[in-house]
Amino acid sequence: MELGYACINLNLKDCTPNRRTTVGYLKKLSLEGQKIKLNTLLKENLENTLRILKFNKAHDIKFYRFSSNIVPLATHEVSDGWSYLDKFKEEFLKVGNYAKENEIRVSMHASQYTILNSNRKDVVKRSIEELEYHSRFLLAMELDTTTKVVLHIGGVYGNKDKAISRFKKNFETLSEDIKDRLIIENDDKSYTATEVLEIAEELGIPIVFDIHHFNCNHSEDENLEELLPRVFATWKGHGKPKFHFSTPRSEDDYASHADNIDPKDFKEFVDLLKDTSDIDFDVMLECKNKDKALLKLREDLEKSMV
DNA sequence: ACCTGTCAAGTCTGG
DNA sequence: CCAGACTTGACAGGT
């Protein structure tokens, strides 16, 4: 079992892979100035991403989520005509190769604004464009389709059945590459694990099971003993199964992520996964302290073994 | 060096 | 119909 963290590294100084700019600022610049600004940010984000991978290698961290903001304003109209994939071909490849050579499994997560099942055509169109950006990004790194992209199902719009149908229908319009990469996650408010599982099974794609979201949002008749074997089954042929784990911030603010991971709850969940299946898996930790929380959890677990 | 208002994006709730 | 919450780090400009 391997632990992973998302995007930001707190141990490394001046190493954000998320440098960005605003449309308002860009529009004050000449066309040439805009290009320079975007190129500078992308170059730095790729360099910092590589630094983070090197940190991961040095600390034996084998699982990491790339930021979706490495390419600033990637699908915004201000970036139309900016051929960054050609310009930074080598840099993209360098990052992808480093991950592969050092057996660091990477993934991505489309943002909360990527909503494939929206009842608005323009939102669906932009969401498809955003997903295809993730695909082009990973293809530029020459990472195969076991490098996954996480997506939530989206909104409900007062009719969940229709919203789910729209999700499935719009999924079919995606390119083969992103279809092979997409994994769908149960969320904390709208779509339960059972609902996401049904979609995943029908589309033949994996579900990334989030235990914290399950605790926030589940129906009475759902139980882990029945769900987890089905979760593992969706991963057949898709690489190592991936799970999300986070500790609630507090009783009053249950849905938010805490700074660190509670080792006792974590161990309990992992033991349950190990009881469910012999298949090895990855766990993405979602918490404020990122890599620091991962290293702390590892220490806590080792201590408890003694 | 530090502080503050602002930022591409969607959905949902409550007034 | 509209404002604010959600969640939230980082930028740009000002002090």
Side-chain angles (χ1 to χ4, degrees), chain A residues 5-29 33-34 36-45 47-49 52 65-82 84 108-134 149-160 162-164 166-167 170 185-191 195 210 212-213 216-217 244 246-250 252-259 286-293:
Chain A
Y5 68 100
C7 310
I8 297 168
N9 183 296
L10 297 177
N11 275 295
L12 295 169
K13 264 228 170 313
D14 297 317
C15 196
T16 172
N18 278 327
R19 288 210 59 197
R20 59 190 119 169
T21 187
T22 61
V23 173
Y25 178 76
L26 274 185
K27 289 204 164 148
K28 284 187 238 168
L29 305 175
Q34 294 183 11
I36 292 168
K37 179 72 183 171
L38 291 170
N39 282 331
T40 306
L41 294 174
L42 172 52
K43 185 164 182 286
E44 234 174 277
N45 287 339
E47 283 169 1
N48 288 343
T49 298
I52 292 172
R65 179 189 298 164
F66 286 138
S67 164
S68 288
N69 301 318
I70 289 176
V71 182
L73 299 166
T75 57
H76 193 280
E77 59 178 18
V78 294
S79 297
D80 286 353
W82 176 35
Y84 59 86
M108 297 183 89
H109 193 324
S111 90
Q112 57 181 313
Y113 300 114
T114 308
I115 299 165
L116 198 53
N117 79 341
S118 177
N119 54 6
R120 286 171 46 189
K121 270 210 167 90
D122 57 323
V123 173
V124 173
K125 186 167 174 283
R126 276 199 298 274
S127 298
I128 291 172
E129 185 47 40
E130 183 69 17
L131 290 172
E132 297 298 343
Y133 150 73
H134 285 75
V149 177
V150 182
L151 180 69
H152 290 279
I153 303 302
V156 175
Y157 314 91
N159 187 333
K160 199 173 250 187
K162 277 191 180 164
I164 289 174
R166 272 200 306 278
F167 185 91
N170 292 334
E185 178 183 355
N186 59 310
D187 67 70
D188 61 340
K189 285 194 182 77
S190 306
Y191 290 94
E195 289 162 342
D210 187 311
H212 178 48
H213 290 164
C216 293
N217 176 28
H244 288 177
S246 49
T247 296
R249 176 153 287 282
S250 66
D252 291 341
D253 188 12
Y254 192 84
S256 298
H257 296 156
D259 294 351
E286 299 190 317
C287 55
K288 210 174 164 197
N289 287 347
K290 305 286 178 181
D291 52 308
K292 290 193 173 177

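Lettering of chains follows the sequences in order, A, B, ..., and the numbering in each one begins at 1.
Nucleic acid contact for A/Val78: none, since no nucleic acid atom lies under 4.0 Å from a heavy atom of the residue. Contact annotation for A/Lys37: backbone-only contact, meaning every heavy-atom pair under 4.0 Å involves sugar-phosphate atoms and none involves a base. Using a 4.0 Å heavy-atom distance criterion, A/Ser118 is classed as a sugar-phosphate-only contact. Within the 4.0 angstrom heavy-atom criterion, no nucleotide atom of any strand lies near A/Ser127.
Contact annotation: A/Arg20 does not reach the phosphate of C/dG9 (side-chain N/O to OP1 or OP2, under 4.0 Å). Dashed line: the shortest gap from a side-chain N or O of A/Thr21 to OP1 or OP2 of C/dA12 is under 4.0 Å. Dashed line: the shortest gap from a side-chain N or O of A/Tyr25 to OP1 or OP2 of B/dC7 is not under 4.0 Å. Taking 4.0 angstrom as the limit, A/Arg126 places a side-chain polar atom (N or O) nearer than this to OP1 or OP2 of B/dG10.
Residues A/His152 and A/Lys189 are not in side-chain contact: their nearest non-hydrogen atoms beyond the backbone lie 4.5 Å or more apart.
Between C/dT8 and B/dC2, the two P atoms lie 25 Å apart (nearest whole Å). Straight-line distance between the P atoms of B/dT4 and C/dT7: roughly 24 Å, to the nearest whole Å. When the P atom is compared between C/dA12 and B/dA8, the two are found 11 Å apart, to the nearest whole Å.
Closest contact between the side chain of A/Val123 and the listed nucleotides C/dC11, B/dG10, C/dA10 involves B/dG10. Checked against C/dG9, B/dT11, B/dA8, the side chain of A/Lys288 finds its nearest nucleotide in C/dG9. Comparing B/dT11, C/dG9, B/dA8 by their nearest atom to the side chain of A/His76 picks out B/dA8. Nearest nucleotide to the A/Tyr157 side chain, out of B/dC12, C/dT7, B/dA8: B/dC12. The side chain of A/Ile115 has B/dG10 as its nearest neighbour among C/dT7, B/dG10, C/dA10.
Nucleotide C/dA3 is matched to B/dT13 when pairs are restricted to Watson-Crick or G-U wobble geometry with both distances under 3.5 angstrom.
A/Asp187 places its CG atom 12 Å from the P atom of C/dT7, with the value rounded to the nearest Å. Atom NZ in A/Lys290 sits roughly 10 Å away from atom C1' in C/dG9 (whole-Å rounding). For the pair A/Asn217 CG and B/dC12 P, the interatomic distance rounds to 13 Å; values are reported in whole Å. One interatomic measurement links the two molecules: CD1 of A/Ile70 to C1' of C/dG9, which rounds to 15 Å at whole-angstrom precision. Separating the OH atom of A/Tyr113 from the P atom of B/dC7 is a distance of 12 Å, rounded to the nearest angstrom. One atom, CG of A/Leu29, and another, C1' of C/dA12, lie 12 Å apart when rounded to the nearest Å. In this structure, A/Glu77 places its CD atom 11 Å from P of B/dA9, rounding to the nearest Å. Between the P atom of C/dT8 and the CG atom of A/Asn69 lies a distance of 13 Å, rounded to the nearest Å.
In this structure, A/Lys292 forms no cation-pi arrangement with A/Tyr5, as its terminal cationic atom is not both closer than 6.0 Å to the ring centre and no more than 45° off the ring axis. A cation-pi geometry, defined here as NZ or CZ lying under 6.0 Å from the six-membered ring centre and within 45° of its normal, holds between A/Arg166 and A/Tyr157.
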Determine, step by step, whether A/Val71 and A/Trp82 satisfy the side chain to side chain contact (heavy atoms under 4.5 Å, CB included) criterion, reporting the C-alpha distance in whole Å, the side-chain angles of both residues, the deciding distance to 0.1 Å, and the verdict. CA-CA 11 Å; A/Val71 182; A/Trp82 176 35; 3.7 Å; yes
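No donor-acceptor pair closer than 3.5 Å links the side chain of A/His257 to the backbone N or O of A/Lys288. A donor-acceptor pair is defined here as one N or O able to donate and one able to accept, closer than 3.5 Å; no such pair exists between the side chain of A/Tyr84 and the backbone of A/Ser79.
Projected onto DNA chain C by closest heavy-atom contact, A/Thr16 and A/Lys28 fall at different nucleotides, the more 5' of which corresponds to A/Thr16.
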